[in-house]
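Letters A, B, ... are given to chains in the order of the sequence lines, protein chains preceding strands, and every chain is numbered from 1.
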2 protein chains.
Amino acid sequence: MAKSEKEMGMLRDHLAKHQLKLTRQRELILDAFLKQEHITAEEMYHQLAKKDPHLGLATIYRTLNLFCEAGLAQARHFGTQTQYDNISHKGHHDHLICTGCGKIVEFENCEIEKLQEEVATRNGFTITTHRLELYGLCSRCRH
Amino acid sequence: MAKSEKEMGMLRDHLAKHQLKLTRQRELILDAFLKQEHITAEEMYHQLAKKDPHLGLATIYRTLNLFCEAGLAQARHFGTQTQYDNISHKGHHDHLICTGCGKIVEFENCEIEKLQEEVATRNGFTITTHRLELYGLCSRCRH
DNA sequence: ACCTTCTTGAGACGATTTATCAATTTCAAT
DNA sequence: ATTGAAATTGATAAATCGTCTCAAGAAGGT
Ligand SMILES: [Mn+2]
Ligand SMILES: [Mn+2]
Ligand SMILES: [Zn+2]
Ligand SMILES: [Zn+2]
């Protein structure tokens with residue numbers, strides 16, 4: 001609870017800057033969110049049902065979107081649902097996804113990121129975010 | 001009509017291999033699809049309403065998904081909708097997307113693709129497809 | 001403590017895509 | 001060409017996901 005100082009600070013900053021309030025729900029959801037690598041609103045809804053059975057799904061959606069605006073999370077469409085990635089710990093990262101078993105491996109590659117910038121510049125764009133997903137089979141599923 | 005020999009062949013192959021049938025609707029939708037770079041089911045529905053007012057939206061969805069399986073199209077979630085990219089003409093490509101005006105620039109970058117392969121190999125994966133989207137502002141929207 | 005403003009929870013709602021199913025069409029075997 | 005099993009279609013119901021609405025409650029500056 002006291003270990004998420006940095007993230008709590010980022011949230012407070014964002015709230016202050018936009019005249020928003022720090023609520024019990026927002027603290028609760030932040031706590032749960034920081035323990036995850038990526039999670040959907042629905043998953044979090046079920047997880048938190050134990051701690052607060054009255055917490056509404058709409059509040060979870062609202063709060064996760066707030067985290068995105070505060071720079072703590074990043075939304076990513078995966079399949080039919082939206083995954084909220086925790087970027088506060090390890091920063092931005094991309095994904096290798098096994099279409100056989102659903103396994104997800106996270107990676108970072110500075111060279112790729114650099115080339116992306118070049119492509120953007122060449123086309124007159126300024127990149128704010130990106131998304132790179134590699135789909136295939138992991139070593140186990142290949143056999 | 002006669003210029004889409006290759007694509008028609010790919011479709012026929014897929015149909016034969018899966019005991020599926022070549023229908024008037026599938027030909028109609030293929031024709032329209034090959035004229036596009038990327039299109040949504042809804043857009044195609046409206047386009048084809050002139051040629052066949054009875055063509056159902058469900059058939060369009062079914063057929064575009066069929067094209068994906070046949071290797072002619074690739075589905076890509078963009079905003080709330082699914083875009084079906086025509087990959088038969090220019091092959092695989094990635095996208096630069098302006099979050100200001102919605103402009104889409106297509107690009108290919110072999111170096112990036114090569115680095116992707118390296119990342120996959122390093123993690124024991126064999127890539128079958130991937131998706132790279134760069135979001136940002138185009139030169140016009142930056143001002 | 002007061003009061004304005006923001007937030008919440010419950011469910012309605014909207015948008016998109018898939019499932020259902022009776023009627024029709026395809027196509028391979030006669 | 002005819003037949004008949006199997007696939008396809010169109011209309012619409014249903015499912016899914018996320019946002020909107022709004023009255024009741026909470027936050028926080030004074
Ligand atoms: Mn990246
Ligand atoms: Mn590519
Ligand atoms: Zn696997
Ligand atoms: Zn733009």
Side-chain angles (χ1 to χ4, degrees), chain A residues 8 11-33 38-70 73-85, chain B residues 8 11-30 32-33 38-70 73-85 102:
Chain A
M8 194 63 204
L11 180 56
R12 276 183 199 282
D13 284 357
H14 181 81
L15 296 177
K17 199 168 297 173
H18 295 81
Q19 291 138 305
L20 305 176
K21 292 170 178 174
L22 181 59
T23 64
R24 185 180 59 77
Q25 288 88 342
R26 282 171 180 170
E27 287 193 272
L28 187 66
I29 294 171
L30 179 60
D31 252 30
F33 179 68
H38 29 72
I39 193 167
T40 66
E42 198 75 36
E43 282 166 3
M44 178 156 286
Y45 182 59
H46 288 118
Q47 273 190 27
L48 290 180
K50 302 155 198 164
K51 294 207 170 187
D52 180 356
H54 290 292
L55 187 60
L57 183 55
T59 299
I60 308 233
Y61 273 108
R62 283 187 290 234
T63 305
L64 289 173
N65 287 335
L66 174 71
F67 290 173
C68 290
E69 280 150 28
Q74 195 167 319
R76 176 170 52 86
H77 296 287
F78 180 58
T80 71
Q81 286 189 290
T82 301
Q83 292 273 343
Y84 291 87
D85 289 6
Chain B
M8 194 63 203
L11 180 58
R12 276 183 198 281
D13 285 357
H14 180 83
L15 296 177
K17 198 168 299 176
H18 295 80
Q19 291 139 308
L20 304 177
K21 291 169 179 176
L22 182 61
T23 63
R24 185 180 58 77
Q25 288 89 340
R26 284 171 178 170
E27 287 193 273
L28 187 65
I29 294 171
L30 179 60
F33 179 68
H38 27 71
I39 193 167
T40 66
E42 197 76 35
E43 282 167 4
M44 177 158 285
Y45 182 58
H46 287 118
Q47 273 190 28
L48 289 180
K50 301 156 198 164
K51 294 206 168 185
D52 180 356
H54 290 292
L55 186 61
L57 182 56
T59 299
I60 308 235
Y61 273 106
R62 282 187 290 236
T63 305
L64 288 173
N65 287 333
L66 173 71
F67 290 174
C68 289
E69 281 149 27
Q74 194 167 320
R76 175 170 52 86
H77 297 286
F78 181 59
T80 72
Q81 286 189 290
T82 301
Q83 292 273 343
Y84 291 88
D85 289 6

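Residue B:T23 places at least one side-chain N or O closer than 4.0 Å to OP1 or OP2 of D:dT9. Listed pair A:N65 / D:dG18 fails the phosphate criterion, with no side-chain N or O lying under 4.0 Å from OP1 or OP2. Dashed line: the shortest gap from a side-chain N or O of A:T82 to OP1 or OP2 of D:dC17 is not under 4.0 Å. Dashed line: the shortest gap from a side-chain N or O of A:T80 to OP1 or OP2 of D:dC17 is under 4.0 Å. In this model, the phosphate group of D:dG28 is not approached by any side-chain N or O of A:Q19 to a distance below 4.0 Å at OP1 or OP2.
A:I29 places its CD1 atom 13 Å from the P atom of C:dT7, with the value rounded to the nearest Å. One can place CG of B:L57 at 13 Å from P of D:dT12, the figure rounded to the nearest angstrom. One can place CG of B:L20 at 14 Å from C1' of D:dT9, the figure rounded to the nearest angstrom. In this structure, A:E43 atom CD and D:dT16 atom P are separated by 16 Å, rounded to whole Å. Taking atom CG of B:L11 as the reference point, atom P of C:dT26 lies 14 Å away to the nearest angstrom. Going from atom CE of A:M44 over to atom P of C:dG9 covers 14 Å, rounded to whole Å. For the pair A:R24 CZ and C:dC6 C1', the computed distance is 16 Å after rounding to whole Å.
Note: B:F67 and B:F33 meet the aromatic proximity criterion, with ring centroids under 6.0 Å apart.
Looking at heavy atoms from C-beta onward, A:L20 lies in side-chain contact with A:L66 at the 4.5 angstrom threshold. When side chains are defined from C-beta on, B:L22 counts as touching B:M8, because their heavy atoms get closer than 4.5 Å. Side-chain contact between B:T63 and B:M44 is absent, with no heavy-atom pair separated by less than 4.5 Å.
Toward the 5′ end of DNA chain C lies the nearest nucleotide of A:I60, the other residue of the pair A:I60 and B:Y61 mapping further downstream. The residue among B:A58 and B:R26 whose nearest nucleotide of DNA chain D is located toward the 5' end is B:R26. Between B:P53 and A:K21, the residue whose closest nucleotide on DNA chain D is further toward the 5' end is B:P53.
Checked by distance alone, A:R62 brings a side-chain donor or acceptor within 3.5 Å of a matching partner on the base of C:dG9.
Among the nucleotides C:dA10, D:dA11, C:dT26, the one closest to the side chain of B:H54 is D:dA11.
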Item to complete: Check the pair B:N65 / B:R62 against side chain to side chain contact (heavy atoms under 4.5 Å, CB included), numbers first and verdict last.
Response: CA-CA 5 Å; B:N65 287 333; B:R62 282 187 290 236; 6.0 Å; no
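Across all strands, A:Q25 comes closer than 4.0 Å only to sugar-phosphate atoms, never to a base (heavy-atom distances). When heavy atoms are screened at a 4.0 angstrom cut-off, A:Q81 is found touching the sugar-phosphate backbone but no base atom.
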